Amino acid sequence: MKKVISIAVAALLLPVSAIAAPPQMAPGLWERTMTLGTNTFTDKECFSPDDVRQSAEEMLRPEGEDQTNCKTSGTWDGNVFHFKSECAMPEQGGSMTTIGTMTFESSSHMVQEAKTTTSMDGASQIMTMKVDHKRIGDCPK
């Protein structure tokens, strides 16, 4: 179950800069505040101009996870990216589906919301997450 949660969390902790379609994200130092249930986590990460050119599919792919059993799709509607990720988890006897949005308020502010449903051996678990991404300055030299 820990792996399932880590995959879902990883999907929301991916670089905010990895969206290739409009609007353009600004490179620099970003602060990411994630709320998962009653828990809140904050971290910071620097993104280069090259980082902000990755495709949406690359952005939604959890780093370090085997993606051979996952399909991701998404569409733009103005400044909102709607996405869906579906992963089969044969080793755990289940599947995981994440549906969410990324709303780009500006090139320096984005809010991501997602609901992940995990089904294993006939039981389902739903997890809701919100991540607020803000550019807070230039990357340190």
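Because the structure is a prediction, the values reported are computed rather than measured.
The cluster map of Ile, Leu, Val, Met, Phe, Trp and Tyr, joined by side-chain heavy atoms under 4.5 Å apart, puts M129 and F41 in the same cluster. V111 and M102 fall into different hydrophobic clusters, defined by Ile, Leu, Val, Met, Phe, Trp and Tyr side-chain heavy atoms under 4.5 Å apart, directly or through other members.
Using a 4.5 Å cut-off on side-chain heavy atoms (C-beta onward), S95 and C87 make no contact. Considering only heavy atoms from C-beta on, H82 comes within 4.5 Å of T101 through its side chain. By the 4.5 Å heavy-atom criterion applied to side chains, T116 and I126 are not counted as neighbours.
With hydrogens and angles left out, the side-chain atoms of S119 and S124 include a donor and acceptor closer than 3.5 Å.
Distance check, rounded to the nearest 0.5 Å: CD of E45 to SG of C139 gives 9.0 Å. Here the NZ-OG1 distance, from K134 to T33, works out to 7.0 Å after rounding to the nearest 0.5 Å. To the nearest 0.5 Å, the span separating CZ on F81 from OG1 on T103 amounts to 12.0 Å.
Counting side-chain heavy-atom gaps under 4.5 Å among Ile, Leu, Val, Met, Phe, Trp and Tyr, the cluster of L29 also holds I136.
When ring centroids are compared, W76 and F104 come within the 6.0 Å threshold.
Contact detail for R135 and P27: the closest heavy-atom pair is NE-O, 2.6 Å. Of all the heavy atoms in T128 and L36, the pair that sits closest is O-CD1, 3.7 Å.
Using modelled atom types, no side-chain atom of R32 and backbone atom of V131 make a donor-acceptor pair closer than 3.5 Å.
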Show your reasoning for whether side-chain contact (heavy atoms from CB on, under 4.5 Å) applies to T42 and E31. CA-CA 7 Å; T42 300; E31 182 176 76; 3.6 Å; yes

Which is it for T118 and M127 under the side-chain contact (heavy atoms from CB on, under 4.5 Å) test, yes or no, and what are the steps along the way? CA-CA 8 Å; T118 305; M127 182 171 35; 5.7 Å; no

Evaluate the side chain to side chain donor-acceptor pair (under 3.5 Å) criterion for residues Q112 and H133: first the C-alpha distance (whole Å), next the side-chain angles of each, then the deciding distance (0.1 Å), finally the verdict. CA-CA 8 Å; Q112 187 173 0; H133 305 268; 3.1 Å; yes

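For E86, the salt bridge (charged side-chain N to carboxylate O under 4.0 Å, His left out) test picks out K84, with sequence neighbours left out.
Exactly one residue among M34, E105, M110, H109 makes a side chain to side chain contact (heavy atoms under 4.5 Å, CB included) with D132. That residue is H109.
Classification of the W30-F47 ring pair by plane angle, with boundaries at 30° and 60°, yields perpendicular.
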